[in-house]
Amino acid sequence: AWFQERNLLMVHVLMVKDVVVPPEEQHNAPLDYYITIQILPDTTSQMPISSTQVLKEDPATFDTQFEISIEEKGDNIKAGVMVLILKDRNLTRPDTFLGEAVVLLAIVPSSISEAQNMYLKMTKPLFTAGCRKILQILSLRKSDKQATAFIKLLKRRYSIKSLAKELKDERHGEEIAE
């Protein structure tokens, strides 16, 4: 990635390799990989979430370039992040979240001559006990628009059908109400 101009971010997605699929998501059909790119906070980008074409081979060679226009004025651009999300396309159920990588825009070079390939390790967030409690509280705040929007974002980003299934009260084994 590099800045072509002050407010124009260029991203070149080359390939994905060595993908680890969780056992509960493994099936006989080959994976249909694709990557989405999102700039956060989303108020800075004029471009909707972008994605590569879907590929079945491993390693998947995308070789796709994106131009992302960013609105922020001044040095606030460097305070944002670029999120690359790897998913498996499914026709009969929601797409499977396989991992994500985050790049600080502060480390993105300001010209193509300074740009180098970045090898990003995809990670998948873990819903720890502390995180479960926080999400439980947020999911109960039905009148809080920001909390509701955040829970919806989690469901959409991580392909969670129901937080109640993902988040269990460890002490009682009860499902959390949504």
Decide whether Val81 and Trp2 are clustered together by the hydrophobic rule: side chain heavy atoms of Ile, Leu, Val, Met, Phe, Trp, Tyr closer than 4.5 Å, transitively.
no
Donor-acceptor pair, distance only, cut-off 3.5 Å: does the side chain of Thr64 make one with the backbone of Val13?
no
Keeping Asp95 on the side-chain end and Asn90 on the backbone end, is there a donor-acceptor pair under 3.5 Å?
yes
Could you state the interatomic distance from CD (Gln4) to CD1 (Ile68), rounded to the nearest 0.5 Å?
13.0 Å
Working to the nearest 0.5 angstrom, can you tell me the gap between Glu67 CD and Leu9 CG?
10.0 Å
Taking only residues two or more places apart in sequence, or in another chain, which ones meet Gln116 in a side-chain contact (heavy atoms from CB on, under 4.5 Å)?
none
Nearest 0.5 Å please: distance from the CG atom of Leu153 over to the OG1 atom of Thr148.
12.5 Å
Glu100 and side-chain contact (heavy atoms from CB on, under 4.5 Å): which single residue from Leu120, Thr36, Ile85 fits?
Ile85
Is there a path of hydrophobic side-chain contacts, each under 4.5 Å between heavy atoms of I, L, V, M, F, W or Y residues, that connects Val11 with Ile39?
yes
Report all side-chain donor-acceptor pairs from residues 101-113 shorter than 3.5 Å, counting only partners two or more places apart or in another chain.
| from | atom 1 | to | atom 2 | distance (Å) |
| --- | --- | --- | --- | --- |
| Ser111 | OG | Ser113 | OG | 3.0 |

Nearest non-hydrogen partners of Met82 and Ala1, listed with the distance:
CE-CB, 4.0 Å
Test of understanding: clusters of I, L, V, M, F, W, Y form through side-chain heavy atoms closer than 4.5 Å, transitively. Do Val54 and Leu84 belong to the same one?
no
Atom pair NZ (Lys142) and CD1 (Ile151), whose distance is rounded to the nearest 0.5 Å:
8.5 Å
For the residue pair Phe62 and Tyr33, what are the closest heavy atoms and their distance?
CE2-O, 3.9 Å
Going from NZ on Lys87 to OG1 on Thr52, what distance comes out if it is rounded to the nearest 0.5 angstrom?
12.0 Å
In this structure, would Ile35 and Met118 fall into the same cluster of hydrophobic residues linked by side-chain contacts under 4.5 Å?
yes
I'd like to know if Met122 and Ile37 are part of one continuous hydrophobic network [Ile/Leu/Val/Met/Phe/Trp/Tyr, side-chain heavy atoms within less than 4.5 Å].
yes
Between the side chain of Asp32 and the main-chain N/O of Leu55, is any donor-acceptor distance below 3.5 Å?
no
Approximate separation, where rounding is to 0.5 Å, of Phe3 CZ and Glu114 CD:
12.0 Å
